[in-house]
Amino acid sequence: MGTIKRDWLDLSKSFPLQVSDNIGVVPDFNRLHWHDSLEINYVKQGEGIYLINGRTYTMREGDIILLGPNDLHRAFETRDLVLQVTVFDSALFAADQRYEPDILAPFTEMNIRFDNLLDRDNPAIGELRGLLLDMQREYRTRADSYRAVMRAQLARFLAYVNRNFSKAPVGSASRLRGKQSLARSVLQAIHEDPVRAWTLQELADIAHLSPSRFSAIFKQTVGTSPLNYCLQIRIGQAIQLLESTERKIIDIAAECGFHNLSNFNRVFSTHVGRTPSQVREGRQKQ
DNA sequence: CTCGCTGGAGACCTTAAACG
DNA sequence: CGTTTAAGGTCTCCAGCGAG
């Protein structure tokens, strides 16, 4: 497939970790996208809205947002937004996983044991903020051995998230691994024909489960409900077509499996935050 | 007239509870 | 671990409105 915009961040192979500040919303950042790297966003100032996998989060000063490898996301500003963005590759912790296999759990078990938006009332969040700021200071000064210091700070960050922000005990995740293979066959079917108007019954039949049971298991393993997942794929495709072609909105809607425009407009607006025509205008301004 | 968008009724999906 | 049931929420379709 590969029709949804996918960013390949230029992370150095030797040290795949970088920190930057985004003031307001950088146009490139503003588009719905995903990437294979892991991302930590820290709201230094102001307010904004984050759309992640079709869910809307309001973010305000002090909030920390984690984005895993497959989270479709898009941020925009509501007031004076300054975001510190820390991006890194999971390869950075390849060695650590030998003795600490759960070090990347905040990302690999996103939506199972962790939320994208970390609980702002958790007393441990202050320490996390400090670590992110320290990491950026190291990154800027690049004093001797800064890479080792940054990597240690990031490891501490992940460990503290693991320790203090988990919604469920560690054991619950391993039980879910069995269910993941069950979901895999269904995901494959969806991706082979994403435009099709899948019904819950059809998907449940592939998994040999009752619709309600299937829906629950899918949500547990994939992080979003079955039909919402299909919707995300189709919307991502529509954004791609709106931005890269001049075709009529009604044709794009039809190609992405929306049989009437009214429905397309409404669904699109709630998921993306702008109407289809606004998305297209946004492209032309750039 | 066409195109983009909104409102309402009904179909379908999601989720939790009760139970085998 | 699984099904059935039922309430509540979400999506789809159709009618209709305003702008160009």
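Chain letters run A, B, ... following the sequence lines, proteins first and then strands; every chain starts at 1. The figures that follow rest on heavy atoms only: side chains count, while hydrogens, waters and symmetry mates do not.
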In B/S/- notation (B base, S sugar-phosphate only, - none; protein heavy atoms under 4.0 Å), nucleotides 1-10 of chain B written 5' to 3' is --SBBBBB--
### Query
Is A:Arg60 reaching over with its side chain to a backbone N or O of A:Gly46, donor-acceptor style, under 3.5 angstrom?
no
So does A:Arg79 pair up with A:Glu47, basic N to acidic O under 4.0 Å? yes
A:Arg234 CZ to C:dT10 C1', in whole Å, measures 14 Å
Original post:
Just by distance, with hydrogens left out, do A:Asp63 and A:Tyr57 show a side-chain donor and acceptor under 3.5 Å apart?
Top reply: no
Between A:Arg147 and A:Glu138, does at least one N-O distance fall below 4.0 Å, as a salt bridge requires?
no
Electrostatic pair A:Asp134:A:Arg137 at N-O distance under 4.0 angstrom | yes
Separation between OG1 (A:Thr86) and CE (A:Met135), nearest 0.5 Å, reads 5.5 Å
Does CZ in A:Arg142 sit with more than 12 non-hydrogen atoms of other residues, nucleotides or ligands closer than 6.0 Å? yes
Separation of B:dC12 atom P from A:Leu231 atom CG, nearest Å, is 17 Å
With sugar-phosphate taken as primed atoms, P, OP1 and OP2 and all else as base, the protein-contact string of nucleotides 13-20 of chain B at under 4.0 Å (heavy atoms; B, S, -) is SBBB----
Exercise. Are A:Arg140 and A:Asp21 close enough for a salt bridge, meaning some N to O gap below 4.0 Å?
Worked result: yes
